[in-house]
Amino acid sequence: LISCAKQMPPRGGPEDKTPPSVVAISPSPGALNVPTDSKIEIVFSERMQRKTVEDAFFISPLPGEEIFFHWRGKKLKIEFSDTLKKNRTYVMTIGTKASDLRNNRLENSFSLAFSTGSKIDDGKISGMVYSTSNVEGTLVCAYQLDDGNDPDPRTILADYYTQCNNKGQYELIHIAPGKYRLFAIMDKDEDRKYTRGFEAIGVTVSDVVIKQTDQTIENINFQLSVEDTVLPYIKSAYAIDCFKVDVRFNEPVQPFNYDDPELYFTISEENQPTKKIKVNSCYHDSKDLSTIHLMTEKQKETSYLI
């Protein structure tokens with residue numbers, strides 16, 4: 001009772017920082033003639049945060065409208081609301097947002113292909129996603145262009161998906177021959193669609209064609225940005241003196257035809273709107289492109305509307 005407490009190192013060992021991995025999967029990568037009623041079974045190297053895996057799971061084309069996940073320890077069985085289609089190549093991907101119980105993510109997206117027919121498509125598209133913020137987990141989506149269709153990523157699910165890693169690298173593999181339109185989407189709400197004004201998006205300068213003789217397309221890169229959906233408006237207007245008015249917008253505005261300012265600005269008396277004063281000239285502020293200086297004829301001591 002009176003002896004000193006025994007000093008020991010803290011229990012538990014070093015913090016687990018090892019990324020999880022897929023150690024077994026069925027159907028196996030490259031499997032041919034897979035039965036159309038097959039289920040997907042995956043074994044991870046450790047227990048996973050289930051929702052992160054389910055949110056990061058993609059299969060193209062989608063066999064049915066609903067996906068059902070059944071967990072048992074490190075094992076996951078995936079079923080669909082419909083059977084697989086005959087003679088089709090399916091690409092299954094688990095994106096980099098899939099995490100273990102220690103919040104360690106997959107180091108790279110895990111992808112495999114199998115076929116319900118006798119061959120597997122071998123097309124591949126790769127590149128980079130760039131942004132001023134973290135791009136890990138950004139979706140890269142490919143829409144096959146059939147019969148001149150114009151896919152809208154806001155409403156239509158893509159034919160192929162993958163996620164880029166923390167360096168912005170991505171690969172879409174086992175793509176069928178055809179013409180594709182690609183988008184990169186920072187999918188914040190995880191619905192696999194684009195929400196304008198809320199999520200960042202990147203587009204390519206042209207569509208991509210996978211040919212039977214040229215199946216590898218590299219360096220298809222994206223620069224993410226958020227669309228500006230807010231219209232510019234006048235934030236304030238005030239007279240510097242009786243010949244000058246400063247107009248400030250909510251954001252920088254583009255240069256315009258300064259030689260004819262009355263195409264853009266009208267100043268009238270508040271109580272008599274038909275009485276206007278002439279705007280002789282205007283120019284942007286040299287340090288603040290949201291401010292425009294108007295030079296007018298002599299103003300009265302009254303209130304004006306602009």
If every non-hydrogen atom of [X] is compared with every non-hydrogen atom of [Y], which pair is closest and at what distance?
{"X": "Ala31", "Y": "Ile120", "value": "O-CD1, 4.0 Å"}
{"X": "Ile292", "Y": "Cys282", "value": "CG2-CB, 4.2 Å"}
{"X": "Phe243", "Y": "Glu297", "value": "CD2-C, 4.0 Å"}
{"X": "Cys242", "Y": "Thr296", "value": "O-OG1, 4.0 Å"}
{"X": "Pro273", "Y": "Ser268", "value": "O-CB, 3.2 Å"}
{"X": "Val22", "Y": "Phe44", "value": "CG2-CE2, 3.9 Å"}

With sequence neighbours excluded, give me every salt bridge (Lys or Arg N to Asp or Glu O under 4.0 Å) pair touching [range].
{"range": "residues 254-274", "result": "Glu262-Lys278, Glu269-Lys300"}
{"range": "residues 103-126", "result": "Arg105-Glu136, Lys124-Glu171"}
{"range": "residues 86-97", "result": "none"}

Side chain Ser26, main chain Ile40, donor-acceptor under 3.5 Å: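 The answer is no, because no donor-acceptor pair under 3.5 Å joins these two groups.
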Heavy-atom donor-acceptor pair, Thr52 side chain to Ser99 backbone, under 3.5 Å: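 Flag set: sc Thr52 to bb Ser99 pair under 3.5 Å.
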[X] vs [Y] side-chain heavy atoms within contact, under 4.5 Å:
{"X": "Val140", "Y": "Ile125", "answer": "no"}
{"X": "Pro63", "Y": "Leu84", "answer": "yes"}
{"X": "Glu46", "Y": "Leu101", "answer": "no"}
{"X": "Ile210", "Y": "Ile217", "answer": "yes"}
{"X": "Thr93", "Y": "Gln163", "answer": "no"}
{"X": "Gln169", "Y": "Met128", "answer": "yes"}
{"X": "Gln299", "Y": "Ile267", "answer": "no"}
{"X": "Val135", "Y": "Phe222", "answer": "no"}

Parallel, tilted or perpendicular, as decided by the 30° and 60° cut-offs, for the rings of [Y] and [X]:
{"X": "Tyr258", "Y": "His284", "result": "perpendicular"}
{"X": "Phe183", "Y": "Tyr143", "result": "perpendicular"}
{"X": "Phe69", "Y": "Phe57", "result": "perpendicular"}

Distance from [X] atom [atom1] to [Y] atom [atom2], nearest 0.5 Å?
{"X": "Leu224", "Y": "Cys164", "atom1": "CG", "atom2": "SG", "value": "7.5 Å"}
{"X": "Thr89", "Y": "His174", "atom1": "OG1", "atom2": "NE2", "value": "8.5 Å"}
{"X": "Thr162", "Y": "Ile173", "atom1": "OG1", "atom2": "CD1", "value": "8.0 Å"}
{"X": "Thr83", "Y": "Lys85", "atom1": "OG1", "atom2": "NZ", "value": "8.0 Å"}
{"X": "Phe58", "Y": "Ser111", "atom1": "CZ", "atom2": "OG", "value": "10.0 Å"}
{"X": "Ser21", "Y": "Asp100", "atom1": "OG", "atom2": "CG", "value": "10.0 Å"}

No-hydrogen, no-angle side-chain donor-acceptor test under 3.5 Å, Ser131 and Ser133: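 Checked: Ser131/Ser133 side chains pair up, N/O donor to acceptor below 3.5 Å.
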Exercise: do Arg248 and Thr291 side chains pair donor with acceptor under 3.5 Å: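 Arg248 vs Thr291: donor-acceptor pair found between side chains.
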Among Thr96, Asn166, Asn165, side chain to side chain donor-acceptor pair (under 3.5 Å) partner for Asn108: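 The single option meeting the side chain to side chain donor-acceptor pair (under 3.5 Å) with Asn108 is Asn165.
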Qualifying residue, where the test is side chain to side chain donor-acceptor pair (under 3.5 Å) with Arg181 and the options are Asn149, Thr204, Asp150: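 Checked Asn149, Thr204, Asp150 against Arg181; only one passes side chain to side chain donor-acceptor pair (under 3.5 Å): Asp150.
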Residue pairs passing the ring pair (Phe, Tyr, Trp, His ring centres under 6.0 Å) test where at least one lies in residues 97-130, sequence neighbours excluded: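 Every pair satisfying ring pair (Phe, Tyr, Trp, His ring centres under 6.0 Å) with a residue in residues 97-130: Tyr90-Phe114.
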Single-linkage hydrophobic cluster, 4.5 Å side-chain cutoff, Phe249 and Leu263 together: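 Yes: a chain of side-chain contacts under 4.5 Å links Phe249 to Leu263.
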Partners passing side chain to side chain contact (heavy atoms under 4.5 Å, CB included) against Asn271 (at least two apart in sequence or in another chain):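 Counting only residues at least two positions away or on another chain, Asn271 forms no side chain to side chain contact (heavy atoms under 4.5 Å, CB included).
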Residue list, side chain to side chain contact (heavy atoms under 4.5 Å, CB included) with Ala98, at least two apart or on another chain: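 If we apply the side chain to side chain contact (heavy atoms under 4.5 Å, CB included) test to Ala98, skipping adjacent residues, the hits are Met48, Val53, Ala56, Ile94, Leu106.
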Heavy atoms from other residues, nucleotides or ligands near NZ of Lys244 exceed 12 (cutoff 6.0 Å):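 It does: Lys244 NZ has more than 12 such atoms within range.
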Test log, rule side chain to side chain contact (heavy atoms under 4.5 Å, CB included), inputs Lys39 and Phe68: CA-CA 10 Å; Lys39 313 295 187 293; Phe68 306 99; over 6 Å; no
Test log, rule side chain to side chain contact (heavy atoms under 4.5 Å, CB included), inputs Ile42 and Met92: CA-CA 11 Å; Ile42 305 171; Met92 191 210 77; 4.1 Å; yes
Asp152 with Arg154: basic N within carboxylate O range, under 4.0 Å: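 Yes, Asp152 and Arg154 are salt-bridged.
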Full working for side chain to side chain contact (heavy atoms under 4.5 Å, CB included) between Ile67 and Leu62: CA-CA 9 Å; Ile67 304 175; Leu62 189 63; 3.8 Å; yes
